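Predicted model only: the values in this text are computed from it and were never measured. In what follows, chains carry the letters A, B, and so on, assigned in the order in which the sequence lines appear, proteins first and then strands, with residues in each chain numbered from 1. Computed from heavy atoms alone, side chains included, the values below leave out hydrogens, waters and symmetry copies.
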Amino acid sequence: MLDFPTICFFVNLLVIQALVLPLYYAIRVSKWQQALLAITGMVSLGVITPRLLVFYVPFWLFVALLHRVTCWCRGTRIARVVFVLSLVALLVPLVAWKLLPVHFVNLFNLLTHHFLWTYCRPLGVIDSIKDYLLPLGLSFATFRALDLLIQTYVDAIPRQTISRILAYGFFAPVQIVGPLVEFRELGDSGNAARRFRLDEFVSGAGLVFIGLTKVYVLAFPLRSSREIFTYADVNPTLTVWLHLILFTWYFYLNFAGFTDIAVGAARLFGYRVQGNFNRPYFRSNIQLFWANWHMSLTRWAQRNVFVPVGGYRKRTQTRAIFATMMTIALWHDISIPLALFGLIHATALYANRLWQDHPAAKRKAPSRFNTIAAACATQLFVTLTFPLLALPMEAIPMFYGRLIGLEYAG
Amino acid sequence: MEDKLIILFAQVLGVSPESLSDATGPEDTDEWDSLKAMELVSAIEEAFAVELTTAEIMKMRTIGIAREVIRGKGIDI
């Protein structure tokens, strides 16, 4: 997460915002503000490398088209078929990237650069000096597009103009590291233009500052803890434990810091988007942890997986819990360690649900000591599952072996 | 006149009716988690003798939208 493109993106974004904001607030017409938002997002991506634009402009135009088609088909016989085909079409690039990362990234870089070189030589020349790049923000873009389409299908979002969808798709603050904002978080303003408000501006700038502090002051010194996943076999057990604990804090502070910057930058544009973290490491059970960790992804999965799979009915809730957690896990990467991560957390959530239904859990409020002990146990559980996010399958037995003091002979 | 839907939400969520309005949704109510959402669906179906479809439940993101959905089923609330 604390890598060069992400840092560059936010530095560029803040500079671009400083230039764009006077014009943004001088425009008193909503649709022109939205057009400026979309252009700002495109420039922010294009500055990293123009290649990203060759992918994302057609992607969001395609989303706008699917949104229109879904609206037209609403209430007809073919609505469901069109909807399912649309979802599949949107998922193709993301799934291809997760399943065939090398092939997809090669193809992504070659085709997009070739397009620029052939049809837009000046941008092609600029693109030539840029590094080989992953399709930054694709997981976030795909899930935001899916959310828009699903909400359109269930008639929670009426027909939108292309400029509004592009403003949502290219909303710069959330493009690279989220949060996974809903369309209505950016689209519910109706036709009213955003007016400059000093209190919102100060609050946004404050959040950006807090985010920068988390990333550069708190998380940065902990970054070397990541190396424990490479060198666990040559370190004493105590060191492995210590680095694992430090990694959980690095992971949280880094991600939460970038989210704060994104939420603050959104607020500078006059949009209040919801945050991603609310003291997740101090929660007393796994359900509360997930309700406060990467909250925008959890909310996304609740809306679009948990409810449709039947999470609101007792008889189908178990399968809904498992489907939801597997979606959250596999969103990060389609791999066996991530599938294991999803399965373990789903089982823990199911066990927690059973306990909450148990009469003993309802009898009386837990004591302060029990609450603290439960928070520690939850934190330990989460810490022990985090290596699954970072390790390849073949290294997992070795790493967990080291945690219990086993010597690694390989 | 007391609002039957607001009282129902207040009872299930364990909050005071005064703290709820048609604009209230899970994002601004800590008590409205997935477990409570399940209880809310059951409570609405039982109280108003209706059956909610998956699409309707997905749409019910605020108390106001829930009211619209129930009204759409011919219930006057």
Side-chain angles (χ1 to χ4, degrees), chain A residues 74-75 79-80 83 147 150-158 179 181-185 188 272-275 278 283 285 287-288 290-292 295-296 298-299 301-318 320-321 324-325 349-350 352-357 361-362, chain B residues 4-6 8-16 19-75 77:
Chain A
R74 220 183 264 152
R80 187 183 285 252
F83 172 63
D147 194 41
I150 293 168
Q151 299 302 316
T152 305
Y153 179 70
V154 298
D155 204 10
I157 295 178
V181 292
E182 287 183 63
F183 183 81
R184 66 192 189 94
E185 285 182 76
D188 265 6
R272 271 195 173 255
V273 303
Q274 295 182 64
N278 184 16
R283 302 296 168 178
N285 66 51
Q287 190 192 341
L288 289 174
W290 277 108
N292 295 283
M295 291 145 74
S296 62
T298 307
R299 283 193 296 264
Q302 277 185 344
R303 280 194 306 278
N304 300 313
V305 181
F306 185 77
V307 173
V309 176
Y312 52 88
R313 306 251 185 244
K314 203 123 196 162
R315 65 178 186 279
T316 46
Q317 201 177 51
T318 305
I321 290 172
T324 305
M325 284 316 299
L349 280 165
Y350 176 64
N352 181 63
R353 188 57 53 95
L354 287 181
W355 165 246
Q356 284 184 351
D357 284 343
K362 295 175 180 169
Chain B
K4 197 175 168 187
L5 188 64
I6 293 277
L8 182 108
F9 269 79
Q11 280 171 350
V12 174
L13 297 175
V15 298
S16 71
S19 65
L20 302 176
S21 71
D22 273 9
T24 306
E27 282 83 12
D28 51 25
T29 314
D30 289 343
E31 292 80 3
W32 193 334
D33 59 15
S34 57
L35 188 65
K36 293 294 182 193
M38 185 180 74
E39 289 176 22
L40 281 170
V41 170
S42 304
I44 290 171
E45 289 185 331
E46 199 177 313
F48 300 103
V50 292
E51 191 159 339
L52 299 167
T53 65
T54 301
E56 286 166 344
I57 294 165
M58 287 177 76
K59 233 177 115 171
M60 286 169 29
R61 304 288 306 282
T62 62
I63 296 177
I65 299 173
R67 191 185 303 281
E68 277 173 32
V69 168
I70 297 165
R71 278 185 184 150
K73 292 179 173 294
I75 311 288
I77 51 165

Region of A/Ile150 in contact with chain B, defined by heavy-atom distances below 4.5 Å: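 Side chain only.
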
Proximity breakdown for A/Asn278 and chain B, heavy-atom pairs closer than 4.5 Å: neither

Working for side chain to side chain contact (heavy atoms under 4.5 Å, CB included), residues B/Leu40 and A/Tyr312: CA-CA 8 Å; B/Leu40 281 170; A/Tyr312 52 88; over 6 Å; no

Residue B/Glu68 versus chain A: region with a heavy atom under 4.5 Å: neither

Closest non-hydrogen atom pair, B/Leu52 against A/Arg313: O-NH2, 3.1 Å

Heavy-atom closest pair, residues B/Ile57 and A/Val307: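 Taking B/Ile57 first and A/Val307 second, the nearest heavy atoms are CG2-CG1, 3.6 Å.
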
Pairs satisfying salt bridge (Lys or Arg N to Asp or Glu O under 4.0 Å), at least one member in residues 51-64 of chain B, at least two apart: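 Residue pairs with at least one partner in residues 51-64 of chain B: A/Glu182-B/Arg61, B/Glu27-B/Arg61, B/Glu56-B/Lys73.
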
Best-contacting candidate, A/Lys314, A/Gln302, A/Met295, A/Gln317, against chain B by heavy atom pairs under 4.5 angstrom: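 So the answer, after comparing A/Lys314, A/Gln302, A/Met295, A/Gln317, is A/Gln317.
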
Atom CZ of A/Arg80 with >12 non-hydrogen neighbours under 6.0 angstrom: no

Over 12 foreign heavy atoms within 6.0 Å of CZ, B/Phe48: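 Yes, because the 6.0 Å sphere around CZ of B/Phe48 holds more than 12 heavy atoms from other groups.
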
